[in-house]
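Please read the structure below before turning to the comments.
No hydrogens, no waters, no symmetry mates; every other heavy atom, side chains included, goes into these values.
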Amino acid sequence: MTSVGDATPDPASYPVTGLAEAVELIEDRYGVPHLYARSEEDLFLAQGFNAARERLFQIDLWRRRGLGRLAEVLGADYVEQDRATRLFLYRGDMDAEWARYSDDARLVATRFTRGINAYLDWLDEHPERIPEEFGVLGYRPARWEPADVVRIRSHGLTRNLESEVERSRVVCAAGVEADLVRQGLQPEHRTVVPDGFDPCALPDDVLDVFDLATQDVEFREGSIRRVPRDATSEGSNNWVVGGERTATGRPVLANDPHRAYSTPSLRYIAHLSAPGLDVIGAGEPALPGISIGHNGTIAFGLTIFPMDQEDLYVYELDPADATRYRYGSGWESMTVLREPVRVRGEADREVELAFTRHGPVIRVDRQRNLAYAVRTAWLEPGMSPYFGSIAYMRARNFTEFTRAMRNWGAPTENQVYADVAGNIGWVPGGLAPKRVGYDGLLPVPGDGRYEWDGFHSGDDLPRVLNPDEGFIATANQFNLPAGHQNLGLGYEWTNPFRHQRIVEVLSGQRRHAVRDSELLQNDQLSLPARRIQALLSGVDSGEADLRRALRLLRDWDAVVGADSAAAALFEVWRSKHLGPGFARVAVPKAAAHIEAVDDLVMLTELERPGRWLPDAAARDRLLLDTLRTAYAEVRERLGHAETTWRWGRLHHSYFAHPASGAFSEHQRARFDVGPFPRGGSSATVNQSAYRVKDFRQTNGPSFRMVLDVGDWDRSVAVNTPGQSGNPSDPHYRDLAERWRKGTYFPLAYTRDAVESLAERRILLVPA
């Protein structure tokens, strides 16, 4: 191993402020740290120390962005982002906050952050070892407070604020029915425009402050740029197969959460071992604990459960005082805070933060005398994303696990579960608002007519233990049982294609093994492609190019492989021609406001025309007209010879460092990883959503895990592009090729297995 920025070997031991006893750190040949401590207090401190040792720039930037403290090191261009982010900090009762997670949540966060600070103490004595990003940008890492771990909320995934605004624009243009082309609703539901809300009155920039608060830090020669948020589909897959359907008689649990791609990975694999706790898996680098993995008795893996935790409120302002808004029969005053923002090289700047009873004010429209605020579950106690895993990672059975999930806040999750006794289960979690008199699909007036009447208890949500099918799978699809569909949890779910493909494969297997889960995680068969192929069987054309295009698609196996010519044609057609073409025909008045159509809605209409397309003849014209233009585009991009076409020549993965934009070309080559040709699509189990403008993958599975429940050393995992955050470390990019090829490494758990893979030993000793 090498140090940051040079070839000096890292020390074999570190003096660590705050440790009571020595902690042993064994790093295996895949970069996974195995931490062995004699107490949990020392263990979490060591976890924080190691997170800083491996990922210091990443977690320091995460903290600065989340607390609104970028301008103090990056300059005045970041003041507005700092202001935006501070609007969404948790500002409530800290005792109530800590109590939502576990009895020792404050202690865990205190020890973890003390570990980060202990590494900063060590860097004070060894300034040459500070990660080189700090040198490029010209500042030093900062100390942490325990509350920093939980007060930051704006990196979490709640929903559906952006969709409310998009729906408003479509409704304004063409009515509520038209928006179903953009986003189908499940269960079936007709959107109602709230009384007093004008969908045509929303300012174009109503979400600018919210976007700024939740976006990553954008660097361009050290300064921020405001960029449109790329359309994306955050998701994940997980499944658990009971022993009656596996080759070994033991459950197999698999998880591949889908996140944005960056270098280093947004997740970090670690093993935490102390008396009473022995847990391994992946977590957030800036948080203590493990959120996806196992503890030797139970296994757990998560996907997003698309619950609606956000609303946009619209207020009439008092003409005589713009800090007062209509509520009930009178006027209510906003809470206005003024905070100094430190600015590098300049005097402090004061920013104003306004809040209504519902949440932070993100836009004031002086011309219309209106204000807009966000009501979000983020601002309730217990909503620090993923931090609640410190409770469930200690559970020993299904009862304890469901008890730990009862208070889960964010992100909203499907948890699949397995244990060494052979049980398998499903437990969703998330803080679910009880809306009174409205559905949450459009913004609402903030005058008191549209309120939340508290929240559902975690016990109100469904759960499953040992189903008759012998397996459970989730992929963000609509999975509410009939008896729970009246809870009003939300109507916007991810299309079912990935889930349907997972069920199709698992249903056909009676002797499922770890290797089968590996193959399924890398599966690139597209169910939408199969359905469209069926439609093409009855379509023909006298045009030579169209006949070639039809033949290519009909002869295809529907696998969206990187080397496939038909996949290149199909994906360009589906995303850039067929989808937009369907919107223009189905809802011409609203098509300009629909960035992407709902593929499930489109497929259903293509198969059974009548709602938006008049008949099968109109359907066939749409198919041929859009296929013609798609074929021409692919030929222009990839050449006239179909034999040279490859989906991976268009579709690619690229792992950019967060500060890549501030680097020189030479530095960027060291810090960024890729590009790699990529297969798959948003509809394949090996999920690979992409930007339509350049086919660059926007998110997907960077971390994958398959657990052999009970014979833990047979479990496997992969993280990409590597475990380390130091580009001079071999583990910075050594896993990227495994990930690209769909291969894994052994996730060693027992001490013997860890010793067999040990590459390096570090001793953390009390300072």
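Using modelled atom types, one finds a donor on one side chain and an acceptor on the other under 3.5 Å when comparing R670 with S728. A donor atom on one side chain and an acceptor atom on the other are found under 3.5 Å apart for R65 and S154. A donor-acceptor contact closer than 3.5 angstrom is absent between the side chains of Q723 and D734. There is a side-chain donor-acceptor pair under 3.5 Å between E133 and H657. Between the side chains of R678 and N686, at least one donor N or O lies within less than 3.5 Å of an accepting N or O.
Using a 30° and 60° split on the angle between ring planes, Y30 and F745 fall in the parallel class, below 30°.
For the atom pair OH (Y261) and CH2 (W739), the distance works out to 4.5 Å, reported to the nearest 0.5 Å. Between the CG atom in L747 and the CD1 atom in I269 there is a gap of 6.5 Å [rounded to 0.5 Å]. Taking CG from L606 and CZ from R619, the interatomic distance works out to 7.0 Å, rounded to the nearest 0.5 Å. Within the model, atoms CG of L527 and CG of N495 stand 11.5 Å from one another, a figure rounded to the nearest 0.5 Å. D557 CG to S564 OG: the interatomic distance, rounded to the nearest 0.5 Å, is 6.5 Å. The CD1 atom of I472 lies 14.0 Å from the CH2 atom of W239; values are rounded to the nearest 0.5 Å.
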Checking S163 against R182 for the side chain to side chain donor-acceptor pair (under 3.5 Å) test, could you report, in this order, the C-alpha distance in whole Å, the side-chain angles of both residues, the deciding distance, and whether it holds? CA-CA 10 Å; S163 189; R182 182 193 65 85; 3.1 Å; yes

Decide yes or no on salt bridge (charged side-chain N to carboxylate O under 4.0 Å, His left out) for R167 and E164, but give the supporting numbers first. CA-CA 5 Å; R167 179 171 291 105; E164 288 183 19; over 6 Å; no

List the steps, then state whether side-chain contact (heavy atoms from CB on, under 4.5 Å) holds for D625 with R628. CA-CA 5 Å; D625 288 347; R628 178 187 301 109; 3.2 Å; yes

Please assess E595 against R169 for the test salt bridge (charged side-chain N to carboxylate O under 4.0 Å, His left out), listing each intermediate value before the final yes or no. CA-CA 12 Å; E595 185 174 346; R169 290 170 180 153; over 6 Å; no

Run the side-chain contact (heavy atoms from CB on, under 4.5 Å) test on S236 and Q687 for me, step by step, so that the C-alpha distance in whole Å, both residues' side-chain angles and the decisive distance to 0.1 Å come before the verdict. CA-CA 8 Å; S236 300; Q687 199 268 118; over 6 Å; no

Does the pair R531 and T604 meet the rule for a side-chain contact (heavy atoms from CB on, under 4.5 Å), with working shown? CA-CA 10 Å; R531 291 171 66 173; T604 302; 4.1 Å; yes

Between L569 and L627, does the side-chain contact (heavy atoms from CB on, under 4.5 Å) criterion hold? Intermediate values first, please. CA-CA 9 Å; L569 176 59; L627 183 57; 4.3 Å; yes

Start with the C-alpha gap between E665 and R668, add the side-chain angles, then the distance that decides, and say whether salt bridge (charged side-chain N to carboxylate O under 4.0 Å, His left out) holds. CA-CA 5 Å; E665 186 175 346; R668 196 172 296 122; over 6 Å; no

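With contacts defined as side-chain heavy-atom distances shorter than 4.5 Å, the pair F655/S265 does not qualify. Taking 4.5 Å as the limit, every side-chain heavy atom of H651 sits out of range of all side-chain heavy atoms of V560. In this structure, R554 and Q533 have side chains that are not in contact, with every pair of non-hydrogen atoms separated by 4.5 Å or more. Using a 4.5 Å cut-off on side-chain heavy atoms (C-beta onward), V585 and R621 make no contact. Side-chain contact check for H258 versus P701: some heavy-atom pair is nearer than 4.5 Å. F497 has its side chain out of reach of S526: every pair of non-hydrogen atoms, C-beta onward, lies at least 4.5 Å apart. Within the 4.5 Å cutoff, no side-chain heavy atoms of H499 are placed close to those of T494. V634 is not listed as a side-chain neighbour of R637, based on a closest heavy-atom distance of 4.5 Å or more.
One N or O on the side chain of R738 and one on the backbone of Y744 form a donor-acceptor pair closer than 3.5 Å. Side chain of S517 to backbone of V514: no donor-acceptor contact under 3.5 angstrom is found. Between the side chain of D516 and the backbone N or O of A513 there is at least one donor-acceptor pair closer than 3.5 Å. Counting only distance, with no hydrogens or angles, the side chain of E605 and the backbone of L613 share a donor-acceptor pair below 3.5 Å. Side-chain atoms of Q521 come within 3.5 Å of backbone atoms of N255 as a donor-acceptor pair (strictly under, hydrogens ignored). Without hydrogens or angle criteria, R501 side chain to T684 main chain gives no donor-acceptor distance under 3.5 Å. With hydrogens and angles ignored, the 3.5 Å screen pairs no side-chain donor or acceptor of Q81 with any backbone N or O of Y78. Between the side chain of N237 and the backbone N or O of V685, at least one donor-acceptor pair lies under 3.5 Å. N238 contributes a side-chain N or O that, together with a main-chain N or O of G301, makes up a donor-acceptor pair within less than 3.5 Å. A donor-acceptor pair is defined here as one N or O able to donate and one able to accept, closer than 3.5 Å; such a pair exists between the side chain of R646 and the backbone of T643.
By the ring-ring contact (aromatic ring centres under 6.0 Å, His included) test, Y631 pairs with W645, sequence neighbours left out.
When every heavy atom of L600 is checked against every heavy atom of P496, the shortest pair comes out as CD2-CD, 3.8 Å. Closest of all the heavy-atom pairs between E132 and P727 is OE2-CG, 4.0 Å. The minimum heavy-atom distance linking V597 with A583 is given by the pair CG1-CB, 3.7 Å. Heavy-atom minimum distance, Q524 versus G561: OE1-CA, 3.5 Å. F695 and S575 get closest at one heavy-atom pair: CE2-OG, 4.4 Å. In plain terms, the two heavy atoms of F219 and A659 that are nearest each other are CD1-CA, 3.5 Å.
In this structure, F57 has its ring center at least 6.0 angstrom away from the ring center of W62.
The list of ring pair (Phe, Tyr, Trp, His ring centres under 6.0 Å) pairs with a residue in residues 564-622, not counting sequence neighbours, reads W556-F570.
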